[in-house]
There are 4 protein chains.
Amino acid sequence: MKVKVAVNGYGTIGKRVADAVAAQSDMTLVGVAKTRPSFEARRAVERGYPLFVSGGGSKDGFTAAGLPIAGTIDDLVGLADVVVDCAPEKVGRENAKKYAAAGVRAIFQGGEKADVAEVSFNALANFDRARDRKTVRVVSCNTTGLARAASVVVPHWGVEHWEATIVRRAADPGETDRGPINGIIPSLHIPSHHGPDVQTILPALPIATTALVVPTTLMHVHVNHVRVSRPPPDVAHVIARFHATPRFRLFAPWEHADGTPQVMEFARDRPSGRPDMMQNVLWEAGIQVDGPDLYFFQAIHQESIVVPENIDAIRAMFGLAPDGPASIAMTDRALGIPAP
Amino acid sequence: MKVKVAVNGYGTIGKRVADAVAAQSDMTLVGVAKTRPSFEARRAVERGYPLFVSGGGSKDGFTAAGLPIAGTIDDLVGLADVVVDCAPEKVGRENAKKYAAAGVRAIFQGGEKADVAEVSFNALANFDRARDRKTVRVVSCNTTGLARAASVVVPHWGVEHWEATIVRRAADPGETDRGPINGIIPSLHIPSHHGPDVQTILPALPIATTALVVPTTLMHVHVNHVRVSRPPPDVAHVIARFHATPRFRLFAPWEHADGTPQVMEFARDRPSGRPDMMQNVLWEAGIQVDGPDLYFFQAIHQESIVVPENIDAIRAMFGLAPDGPASIAMTDRALGIPAP
Amino acid sequence: MKVKVAVNGYGTIGKRVADAVAAQSDMTLVGVAKTRPSFEARRAVERGYPLFVSGGGSKDGFTAAGLPIAGTIDDLVGLADVVVDCAPEKVGRENAKKYAAAGVRAIFQGGEKADVAEVSFNALANFDRARDRKTVRVVSCNTTGLARAASVVVPHWGVEHWEATIVRRAADPGETDRGPINGIIPSLHIPSHHGPDVQTILPALPIATTALVVPTTLMHVHVNHVRVSRPPPDVAHVIARFHATPRFRLFAPWEHADGTPQVMEFARDRPSGRPDMMQNVLWEAGIQVDGPDLYFFQAIHQESIVVPENIDAIRAMFGLAPDGPASIAMTDRALGIPAP
Amino acid sequence: MKVKVAVNGYGTIGKRVADAVAAQSDMTLVGVAKTRPSFEARRAVERGYPLFVSGGGSKDGFTAAGLPIAGTIDDLVGLADVVVDCAPEKVGRENAKKYAAAGVRAIFQGGEKADVAEVSFNALANFDRARDRKTVRVVSCNTTGLARAASVVVPHWGVEHWEATIVRRAADPGETDRGPINGIIPSLHIPSHHGPDVQTILPALPIATTALVVPTTLMHVHVNHVRVSRPPPDVAHVIARFHATPRFRLFAPWEHADGTPQVMEFARDRPSGRPDMMQNVLWEAGIQVDGPDLYFFQAIHQESIVVPENIDAIRAMFGLAPDGPASIAMTDRALGIPAP
């Protein structure tokens, strides 16, 4: 018996979650909802996804564009066991009332505040906490990246203090109305909100973050410095641990992936699937151990990193997998993410 | 009996041509050649392409990286009926001697001067001129875009004079060492080389081009103004003609693809295949007819637009298709390019 | 008796106009108006400009910031013979009522539609039409650049047809909320509004323009193709004519100013005054004559090119100069713009 | 008796040092040397600086360009008491032999390794160490910024550990051949070279730095986290200390300078002098104190921050000022840098 999944909001995250749901053998995509016709709506139809009108949209625009409409967002909610809400920031909170009224479960994204759902979620870090929940929040891209990394560092070496500088991409590749074009914008509030957000997942993690925005569209990059409790013997040991964990991709020096442009070029070279990088990206040469101090860079593909987490959240909520590792293995196999 | 194709050079163009060859039912990819190991070489191995060492490279680096090497470029040339040379600009001319000495046919890219081969080629414009040739040059991305457009405009409306301003992307997405970061660089030589290069395909076309470079990695954009001989009645007529021609994609206003970022986002949303846009992209709202003056913008994806042309060039050289339209249809079906 | 000038709006244009007014011997800057405190307001105070609160602003914010306020915009209007309105686009039209009610003359910028004022203005093209006017509109940066160029081409060689492609900068250097970061946005409406806007100055000029936006902050670049009536004998002749006209700067090949980054670097190297380029910039190597066809690139510094025109507009309105050339010479000497 | 100063190399740093020397009452600029004619050479002549041919250059190119040449670099060296070497990286080391052979003192820039000179220098941090030296190295822009900040933090609060992430601009505004255009390039070697370079000035400072490159031309930004020995009581205290130190500019919230684009806009609004920001830039809202942890962002204008330090180095070498604070006050008054 497959879980019936609806996706409300078909933008950067929604379209990827829809594909990911459609690729799972224990889920059925019952439809996606969008406000207005666009090239993305056209792609949804090409992929065979039933298309529903969401929010303040009207069916007429879609009909004029030749895009068949299966119903309204209310119709879609009625068909689903769970809605993955991928509406723009802040809108999810409004939508939550609709889902509650309809008695359907819901997953929200990290753009919403933590209290939008019973629990905040990351598959590696706290899979079990989402079991049987009515509502779950998948944390944002940067928080997901940090939570994943913490899931390696905490058990192996312990954390006395974690400091991360988050160099954020200013816009997604398809967005044309966001800047800056030339300049760096520090997020002056210190610490940035990312540290507390990681603590919605890992409450005991002593982490402080700072952030700034730079004119690129490809990926975020984190500069991590961790004072650990039990220092690893050397860098090779650290590399081996990350290699052994799902959802990490370490680039070796011979691969000549010097920065995010090459990393995303590697993603574009995927034999199948979207040109995405759903793993945390580390560079082997960008890891350093200096006594109790562990340093590493990681790059985070803001568009896709939370996609597998949304799938795992569904599994946790509906008991479709015995535990986190099992769910992660199922998800990653279906999505073409290489196993460790 | 399939034609055996080798690809020498596995960068932006080479890796795409290799995929395209592998997707054709009348061709066999016998291998690809690369100078040094890299993430791209890793992808070649993942895709199952036999990997050969080209140029000044050595087998040792690949071996150390765990990438199996099938031989040298000389070995590869020996296996092939035709080599598609995708080496960096100017290197193709050097390689030409090797191919000639081995008695193997060869296709060169537009970075080489026209006299590198017997004929310069575009599938829509002069397919038949490449029949049975030993050497063919597929013209560059901008020239290909213009030659395709001319293949629509010339027969339908005639050309008195064609003026194109070519707004060039400064680097490809994976290149990190090219600028400018902030600024516009005019190509001061007027006319730019693109006009004469189109005339290697369409000698009688009265075309003059100017060019400038801008800080983007996604696509070139051409601003075309054509004084035509037999004016079309209206814009709808022009739209219909482009719609009816293979390798053109016209965006309707309701698709909300305002610029190259959204066009490439559409490409990234392809259900399968690389996130490429092998068609000339026009905007329906960006076409204007004013008496004898036809105006239109077109966007050209510099990384992929020549890929189907390389395939058609092979078909022309080896007589694998009765004519251009037949070859184009075969190529486009195999590559997932929608038919008109 | 000096003309008393107020500047309403102290952003990109306003602050430059204020400096320019302050530099003239026949004008007095009676004050500038701004809505809220900012680093720009601080600079106004450092320069000794009386500061007034405009629009919906309140005095309190300025006081808290330690910036002395001389009064409200109404006070400022009461002190002036003429207000140069440099408010954001569309706001000028609202302000026009205030100026009319106060019986004060006004100059508007090109972001307002032409009917905001009695006449649209360019110093080289139609100085005399602004004589004794109550309201004048100084056309926008791109229109100013085209009108200046036409003032050279029309009298010397005549214009059968003028075609310009306008490659627009997406944001000013200090703006951080405008994109695109990576991509080209064509202005799909053909022709663009620039051609008709030039015709508010030169009604008989047969000009058609197209435009696109690119991710840079420095300058616009125009690609001009003019079919002329009386072809110049050669490029040297064209260079000489532009050299002989005020407000043109031609870069010689030996100067190695390959694009807009170097042109603005040259501007930053000015011995005094703002790092601006108030002249049209041409490259000698970027001019071509081919029979009746004249081609040239020109770069336009969007932040400053209209500044001298605002000064000349004041002179025309108040009869401070016998004719355009005299006014231009006075303005340029005061602003440090080299004479031809 | 004024010190006679020559500047060898007239690029980004050299032209600014030349201006700064010319502005001092106790120094004479005897000339500047450049390899080839360019718009920058033209500006040197406009400013009245004697121009000499350096390196592999020839006088002919300058003569053809109409730029008068006063002699060769050897002639220039012969006129000087000290040469400020502003040649491209690595070239300074070659030039050092020439200066030594001529028995002239020399200042080198931070692109050279520390052993190029007797001592590495920063005016706030170690002025006295440069007294009477024959050769001094002014450290690079990022190192200068860190050394200045340490000169505030160390004496007031003590440093247990200093961690800085350096977000580097990829190119200067006038450079068109450097990328990336879209992407982030981590400097994989951890720690980056900046920490050890600061220690050439402050050997005992426990500092570790990481770095990455982003696509902007305006400024570097440092994210600093300092574990201090004697915590300041609050942020206001920290702000006051930085305010009281020369060569720091703190932006208040009401100034609305959100990032480097606005900071450099403020610099462009200077009433006189180059559009430079020779001070370390901090944001009051971007300083945080959390127990023993002090955090602050600072922005560094790579083009100009070392300019006053070069002047102070000359004063130290020739005994022109009794101590560092006196020299700094003289330099800053002459350069228009506000006193604390």
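Hydrogens, waters and symmetry mates are skipped; everything else that's a heavy atom, side chains included, is used.
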Please determine, among B:P261, B:S38, B:P173, the option with the most heavy-atom pairs under 4.5 Å with chain A. B:S38
Can you tell me which of B:A65, B:G259, B:P275 forms the most heavy-atom pairs within a distance under 4.5 Å of chain A? B:A65
Evaluate the side chain to side chain contact (heavy atoms under 4.5 Å, CB included) criterion for residues B:R42 and A:W254: first the C-alpha distance (whole Å), next the side-chain angles of each, then the deciding distance (0.1 Å), finally the verdict. CA-CA 10 Å; B:R42 176 194 274 254; A:W254 65 262; 3.8 Å; yes
Where A:H256 and B:F39 come nearest, the two heavy atoms and their spacing: O-CE2, 3.8 Å
Output the option from A:G273, A:G174, A:A41 having the highest count of non-hydrogen pairs under 4.5 Å with chain B. A:G174
What part of B:N182 gets within 4.5 angstrom of chain A, counting heavy atoms only: side chain, backbone, both, or neither? side chain
For the interface with chain B, which of A:T217, A:T260, A:L67 has the highest count of heavy-atom pairs at distances below 4.5 Å? A:L67
What is the distance from atom CD of B:E303 to atom CD of A:E265, rounded to the nearest 0.5 Å? 6.0 Å
B:R47 and A:D269: which non-hydrogen atoms are nearest, and at how many Å? NH2-O, 2.6 Å
Within-4.5 Å side-chain heavy-atom neighbours: B:P271 and A:R43: yes
Identify which of A:R274, A:R16, A:M264 forms the greatest number of heavy-atom pairs closer than 4.5 Å to chain B. A:R274
Given that the side chain runs from C-beta out, which part of A:A252 has a heavy atom under 4.5 Å from chain B: side chain, backbone, both or neither? neither
When rounded to the nearest 0.5 angstrom, what is the spacing between CD in A:E40 and CD in B:E255? 11.0 Å
Does any heavy atom of chain B fall under 4.5 Å from the side chain of A:R270, the backbone, both, or neither of them? both
Flag if over 12 foreign heavy atoms under 6.0 Å of NZ, A:K2: yes
Separation between CG of A:D177 and CG of B:D258, rounded to the nearest 0.5 Å: 9.5 Å
Toward chain B, the part of A:R268 with a non-hydrogen atom under 4.5 Å: both
